[in-house]
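Whatever order the structure lists them in is the order used to number ligands and atoms, beginning at 1.
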Amino acid sequence: MSSEEGLSSTITDWLFINSWWLLLPFIMLLVVAAFIVAFVLLLYMISPLISPKPLKLNGAHVVVTGGSSGIGKSIAVECYKQGAFITLVARDEAKLLQAKKEVEKFAINDKQAQEKLGPVDMLVNCAGLAISGKFEDVEVDRFKKLMEVNYLGSVYPTRAVITTMKERRMGRIMFVSSQAGQIGLFGYTAYSPSKFALRGLAESLQMEIKPYNIYVTVAYPPDTETPGLAEENKTKPLETKLISETSGVCQPDQVAKIIVRDAVQGNFNSSVGPDGYMLSALTCGMSPVTSITEGLQQIVTMGLFRTIALFYLGSFDSIVRRCMIQREQSKAADKRE
Ligand SMILES: NC(=O)C1=CN([C@@H]2O[C@H](COP(=O)(O)OP(=O)(O)OC[C@H]3O[C@@H](n4cnc5c(N)ncnc54)[C@H](OP(=O)(O)O)[C@@H]3O)[C@@H](O)[C@H]2O)C=CC1
Ligand SMILES: CCCCCCCCCCCCCCCC(=O)[C@@H](N)CO
């Protein structure tokens, strides 16, 4: 007796059936059910991966908060170059008028001079500031200020446009976070939380408004050469400087190009440079996916990037330790004098 006959006779004995082929219809049913389950699972996996339709910037109305300087101004220029109508939002009127002049140099058609604005097609929440310092050195009211400007300053404009976007069943909302909104670093105990908060807001909001064909983008730029960075650098701890140098300094135009491209495509995540790419793959968590390649890349690279990240973390720890020892030595030297 072959082992196959042995197995089938065991099953038939067990089921009190004298011929195994009486089981055939059940086996077929099982196979069909398995196929259906696999198909449904696949559909569920694929459905969030379907890419949104790109937004046409030509003739669109783009509102940029923090549009009078730095990254915001470059985003405004980039959108204007692609034919959009722009509204700049900020506090200082003189700076706004100067920025308006600079943006208008890049007109691509006569129509743009007429400033024909309508409902907002894309909102760019870029107004913000950075304050760095050791936890105990930063005044408590600065923690509040950063949450107010960086976080709530993105909530209010979004509230102002969301109802109309939902009615029109179209739109883009962008939040400018930071690499410091993906990783907590020495000196950013007040700044990082305000940028992490944007990610929580963006994920929740995206789930609510996706059926209305509105797409959210969170941008995580590295250090970028702007008036804001120059201001921040005046009081930045040495540790923060050394750690941030890891991912280099970018130009605002270069950052803006990438951010605008991602927002137009409806990508949830927008990162700059190789470190930015690794950080985003590593911290993707349960954030929305917007293309099959993005999902596959995350699946394949995560373990590798975590391995690389351990080396980075080790080097950050050693920077912090070295700076502490140096400070203590110079303090001791001062006392001796
Ligand atoms: N530069 C960098 O290294 C990085 C910056 N970022 C983020 O990008 C954004 C822009 O930064 P950056 O270009 O460097 O900054 P800038 O300081 O160069 O520009 C900031 C802009 O925001 C406006 N703004 C500031 N505070 C307020 C407020 N309370 N209400 C309304 N508008 C305000 C400013 O105009 P006004 O003062 O007239 O109101 C200005 O237009 C920020 O959110 C920053 O955190 C992220 C990663 C890196
Ligand atoms: C695989 C893992 C890779 C890990 C790479 C880690 C790189 C960390 C660098 C963080 C730089 C933070 C810049 C903050 C910029 C900012 O928001 C302020 N300058 C605003 O003014």
Side-chain angles (χ1 to χ4, degrees), residues 64-76 88-100 102 124-132 145-154 156-157 174-188 190-192 194-198 218-236 239-256 259 270-283 301-316 319:
V64 187
T65 76
S68 64
S69 167
I71 299 176
K73 188 164 77 181
S74 293
I75 290 175
L88 303 177
V89 182
R91 294 163 303 172
D92 184 328
E93 200 180 334
K95 241 167 47 180
L96 272 169
L97 288 171
Q98 175 60 30
K100 180 174 188 274
E102 285 175 46
V124 179
N125 290 297
C126 190
L129 77 158
I131 299 168
S132 55
K145 164 98 174 168
L146 287 176
M147 282 313 268
E148 267 165 10
V149 180
N150 295 354
Y151 173 61
L152 292 174
S154 301
Y156 301 138
M174 189 208 295
F175 297 103
V176 180
S177 177
S178 158
Q179 284 187 358
Q182 298 178 301
I183 167 178
L185 294 179
F186 188 109
Y188 281 142
Y191 178 67
S192 270
S194 73
K195 293 299 184 180
F196 270 75
L198 292 174
V218 192
Y220 304 100
D223 270 346
T224 307
E225 224 176 286
T226 64
L229 180 67
E231 190 56 38
E232 182 202 348
N233 278 342
K234 288 180 191 164
T235 55
K236 202 184 249 178
E239 288 91 335
T240 315
K241 269 186 202 149
L242 294 173
I243 293 171
S244 299
E245 272 170 13
T246 312
S247 67
V249 184
C250 284
Q251 291 307 311
D253 292 354
Q254 169 198 6
V255 170
I259 293 183
S270 179
S271 57
V272 181
D275 282 320
Y277 174 80
M278 288 198 286
L279 263 180
S280 287
L282 196 55
T283 59
T301 58
M302 226 173 204
L304 172 70
F305 289 169
R306 182 60 184 162
T307 315
I308 299 173
L310 296 183
F311 288 101
Y312 276 93
L313 288 172
S315 90
F316 297 164
I319 288 174

Taking the non-hydrogen atoms of [X], is any one of them nearer than 4.0 angstrom to ligand 1?
X      : result
Ala99  : no
Tyr220 : no
Cys126 : yes
Asn150 : no
Pro222 : yes
Val176 : yes
Pro227 : yes
Lys195 : yes

Checking the side chain of [X] only, and the main-chain atoms of [Y] only, is there a donor and an acceptor separated by less than 3.5 Å?
X      : Y      : result
Thr224 : Gln251 : no
Ser177 : Lys195 : yes
Ser132 : Tyr188 : no
Ser280 : Tyr277 : no

Where do [X] and [Y] come nearest, in terms of heavy atoms and distance?
X      : Y      : result
Thr226 : Gly70  : CG2-CA, 3.7 Å
Pro221 : Ile71  : CG-CD1, 4.3 Å
Tyr151 : Ala197 : CD1-CB, 3.7 Å

Original post:
Given Ser154, which of Asn125, Val149, Val176 fulfils the side chain to side chain contact (heavy atoms under 4.5 Å, CB included) condition?
Top reply: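 One option only clears the test, and that one is Asn125.
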Looking only at protein heavy atoms, which one is nearest to [atom], and what is the separation?
atom                    : value
atom 45 (O) of ligand 1 : Tyr191 OH, 2.8 Å
atom 15 (O) of ligand 1 : Gly228 CA, 3.9 Å
atom 46 (C) of ligand 1 : Ser177 O, 3.2 Å
atom 38 (O) of ligand 1 : Asp92 N, 2.9 Å
atom 47 (C) of ligand 1 : Pro221 O, 3.4 Å
atom 20 (C) of ligand 1 : Gly128 O, 3.9 Å

Can you give me a line-by-line list of nitrogen or oxygen pairs between ligand 2 and the protein shorter than 3.5 Å?
residue: ligand 2; atom: 17 (O); partner: Ser178; partner atom: OG; Å: 2.6
residue: ligand 2; atom: 17 (O); partner: Tyr191; partner atom: OH; Å: 2.7
residue: ligand 2; atom: 19 (N); partner: Asp223; partner atom: OD1; Å: 2.6
residue: ligand 2; atom: 19 (N); partner: Glu232; partner atom: OE1; Å: 2.9
residue: ligand 2; atom: 21 (O); partner: Glu232; partner atom: OE1; Å: 2.6

When you measure from [atom] to each heavy atom in [options], which option holds the nearest one?
atom                    : options                       : value
atom 28 (C) of ligand 1 : Arg91, Gln179, Glu231, Glu93  : Arg91
atom 16 (P) of ligand 1 : Gly153, Ala127, Ser178, Ser69 : Ser69
atom 14 (O) of ligand 1 : Thr226, Thr224, Asn125        : Thr226

**OP:** Could you tell me whether Pro252 approaches ligand 1 through its side chain, its backbone, both or neither, with non-hydrogen atoms closer than 4.0 Å?
**Re:**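 Answer for Pro252: neither.
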Original post:
Is ligand 1 under 4.0 Å from a heavy atom in the side chain of Ile71, in the backbone, in both, or in neither?
Top reply: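 Both of them.
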Is there a side-chain contact between [X] and [Y] (heavy atoms, below 4.5 Å)?
X      : Y      : result
Tyr191 : Asn150 : yes
Leu282 : Arg306 : yes
Tyr312 : Ile183 : no
Leu229 : Lys236 : yes

I need the atoms of ligand 1 closer than 4.0 Å to a non-hydrogen atom of [X], numbered in the order shown.
X      : answer
Ser68  : 35 (O), 40 (C), 41 (O)
Gly70  : 13 (O), 18 (O)
Asp223 : 3 (O)

Original post:
Between Gly66 and ligand 1, does any nitrogen or oxygen pair lie at a separation below 3.5 Å?
Top reply: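 Looking only at distances, the answer is yes, because the N/O contact criterion of under 3.5 Å is met.
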**OP:** Hey, could you give me the CG/CD distance between Leu129 and Glu231, rounded to the nearest 0.5 Å?
**Re:**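 These two atoms lie 9.0 Å from each other.
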Identify each donor-acceptor pair in which a side-chain atom of residues 88-97 lies under 3.5 Å from a protein atom, sequence neighbours left out, and give them as a table.
residue: Asp92; atom: OD1; partner: Ala94; partner atom: N; Å: 3.0
residue: Asp92; atom: OD1; partner: Lys95; partner atom: N; Å: 3.2

**OP:** Would you sort out whether Leu146 and Ile131 count as a side chain to side chain contact (heavy atoms under 4.5 Å, CB included), showing the intermediate values?
**Re:** CA-CA 8 Å; Leu146 287 176; Ile131 299 168; 4.0 Å; yes
Subject >> By side chain to side chain contact (heavy atoms under 4.5 Å, CB included) - contacts of Pro222 (at least two apart) >> reply: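 For Pro222, the residues satisfying side chain to side chain contact (heavy atoms under 4.5 Å, CB included) (neighbours in sequence not counted) are Gln179, Ser247, Cys250, Val272.
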**OP:** Return the set of residues passing ring pair (Phe, Tyr, Trp, His ring centres under 6.0 Å) with Tyr220 (not counting sequence neighbours), or none when no residue passes.
**Re:**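 Tyr220 satisfies ring pair (Phe, Tyr, Trp, His ring centres under 6.0 Å) with no residue once adjacent residues are dropped.
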